[in-house]
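Working notes, structure below.
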Amino acid sequence: MNFWKDKVFLKQVLLLSIPIALQNLITSILNIFDQLMVGWLPQNADNCLSAVLLSNQIVFIYQIVLFAACNTANIFVAQYSAGGKKERIPRVVGFLLLIGSVICLAGTTLCAGASQFVIDLFDPNPDYAYLAGGFLGVVAYSFIPMAFSTMLNFMMRGIKRMKVGITANVIAVACNICLNYLFMFGGLGIEPMGFMGAAYGTIISRIIEFLIMFGGCIICRYPILASPKVMFSSERKFVGQYFKMFFPILCNEVFWVLSTTMFLYVYDKLPSSEVALAAMNIAQRVDKIISVIMLGIGCASGIIIGNVIGEGDRAKVMDYSKKCLSFAIFTGVLIGLMTFVSAFFAPSLFTEVSAAAKATARNLLFLYAATAVLRNIAFMAVIGILRSGGDTTFCMISETLAIWFVSIPLVFFGG
């Protein structure tokens, strides 16, 4: 635990990780309020939660592809920011906007135009398959503002400017909670829409979030935006370097998210699948709120390691990497304890969900608590250290082998 003695390292990690964790906490709170409201619906709460989980899995796949593109660009921005090459940052942002636009158009067109086909790929229970298809068809329109706000958010993290992003997140979450409740349960002259109201609330809040982020970047004059001529003039060398790092990250994330899709396929085939999926939805939402610590520390460490690499100090890179791993063990224990405690009360907040789903969610949270330290170390090694150092291929190979040759066979065997 030698990281306690290095006040400079500790200060850098905390100053970056707290805002990043806060951003993820805000998003997680938004997600769990969405699920809570669905869990308050007087009819078919288990089926509605299952439908939202299935449609959100598609949203998650879209986000993972988008995050892979943003994470790759963020590595370059962090290195350029510390290496005295800030004039290159707008070019990175411009190239990311092009990549993100392609991802955005593809995801929106597919999920809005063929939502039921996409949901049916899971071969879900007919009781909630139609509900999931309808929800995905509407929420897909939030992909457009989500893409551009996510790209701006990652770039602001890379230059260590996060006030605008946090402000936008807070306002968007407040709007989403209010709009979701209004649309789902009715009021102010609006007829109640049931769980579909959450989709409409998400679209409007995502638009608000993007407008605040874009306006904030312009007002604050962050060095991530420039004239179109400058932003869209990337060099061939950079493009080659970008894709050399991007494809392993993309494959890694896609293989991982496909593995979670395989898990859902197994859960959907179990007896009383609506109970299993509802429990999974509850447990994941609670886990994501607590795991913002993991996300904050891991992402902050990645930026710091990237900065040190940009400075060219190899010895400092190795020293900081070891301290990051030690810090991951400490925070992993903290995450595990918090998850364990949450298992005793969090599932009960979903008042209209069946007792069986609540009990299963509680057991899942106990399992998340038991594996917290190991998950945190792995996240730090991949996101915080190896990717920042450019070793994205090893990350892809090691994670893919572990998931597809160990996790998935065990899930199918156990299920």
Side-chain angles (χ1 to χ4, degrees), residues 17-18 20-39 46 49-50 52-61 63-64 67 169 173 253 256-264 266-267 275-300 328-350 353 356-384 399 402-403 407-408 410-411 414-415:
S17 62
I18 291 174
I20 294 173
L22 182 59
Q23 281 186 305
N24 286 290
L25 176 62
I26 292 167
T27 302
S28 299
I29 288 174
L30 165 63
N31 289 334
I32 200 166
F33 264 99
D34 283 352
Q35 311 307 320
L36 273 173
M37 290 180 196
V38 174
D46 282 8
L49 274 175
S50 299
V52 172
L53 178 63
L54 282 176
S55 59
N56 279 348
Q57 183 68 12
I58 307 301
V59 177
F60 185 47
I61 293 172
Q63 288 177 322
I64 283 295
F67 287 172
N169 291 151
V173 165
E253 301 289 10
W256 175 67
V257 78
L258 287 177
S259 72
T260 64
T261 304
M262 298 300 293
F263 298 163
L264 290 181
V266 173
Y267 303 152
V275 171
L277 290 172
M280 198 71 195
N281 202 347
I282 294 170
Q284 285 181 350
R285 297 288 80 78
V286 175
D287 179 63
K288 284 183 178 179
I289 285 182
I290 299 172
S291 294
V292 297
I293 301 172
M294 180 193 306
L295 292 169
I297 298 296
C299 294
I329 296 173
F330 172 77
T331 52
V333 172
L334 179 63
I335 292 168
L337 291 173
M338 293 172 66
T339 305
F340 180 80
V341 172
S342 72
F344 292 98
F345 67 88
S348 300
L349 298 175
F350 297 78
V353 173
K358 293 176 185 176
T360 305
R362 187 173 298 111
N363 291 334
L364 286 170
L365 287 170
F366 286 144
L367 290 174
Y368 289 157
T371 58
V373 174
L374 296 177
R375 288 189 293 139
N376 205 35
I377 293 173
F379 189 84
M380 175 64 77
V382 173
I383 303 297
E399 284 201 292
I403 291 172
S407 296
I408 290 179
L410 288 174
V411 168

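The first residue of the sequence shown is numbered 1, and numbering continues consecutively from there.
A pairwise comparison of heavy atoms in Val373 and Val333 identifies CG2-N, 3.6 Å as the closest pair. Smallest separation of non-hydrogen atoms from Ala279 and Ala357: CB-O, 3.3 Å. The minimum heavy-atom distance between Ala283 and Ala361, with the atom names listed, is CB-O, 4.0 Å. Here the shortest heavy-atom pairing between Ala372 and Ile335 reads CB-CG2, 4.0 Å. Asp287 approaches Leu365 most closely through the heavy-atom pair N-CD2, 4.3 Å. The two residues Ala328 and Met380 come nearest to each other via the heavy atoms CB-CB, 3.8 Å.
To the nearest 0.5 Å, atom CD1 of residue Ile403 and atom CG of residue Leu410 are 12.5 Å apart. Ile329 CD1 to Leu374 CG: the interatomic distance, rounded to the nearest 0.5 Å, is 9.5 Å. One finds the CG atom of Asn376 at 9.5 Å from the CG atom of Leu334 (value rounded to the nearest 0.5 Å). One distance of note links OH of Tyr368 with OG of Ser342; it measures 11.0 Å at 0.5 Å rounding.
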Can you give the donor-acceptor pairs under 3.5 Å from side chains of residues 292-299 to other protein atoms, not counting sequence neighbours?
none

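Not a single donor-acceptor pair under 3.5 Å links the side chain of Arg362 to the backbone N or O of Ala346.
Classification of the Phe366-Phe344 ring pair by plane angle, with boundaries at 30° and 60°, yields perpendicular.
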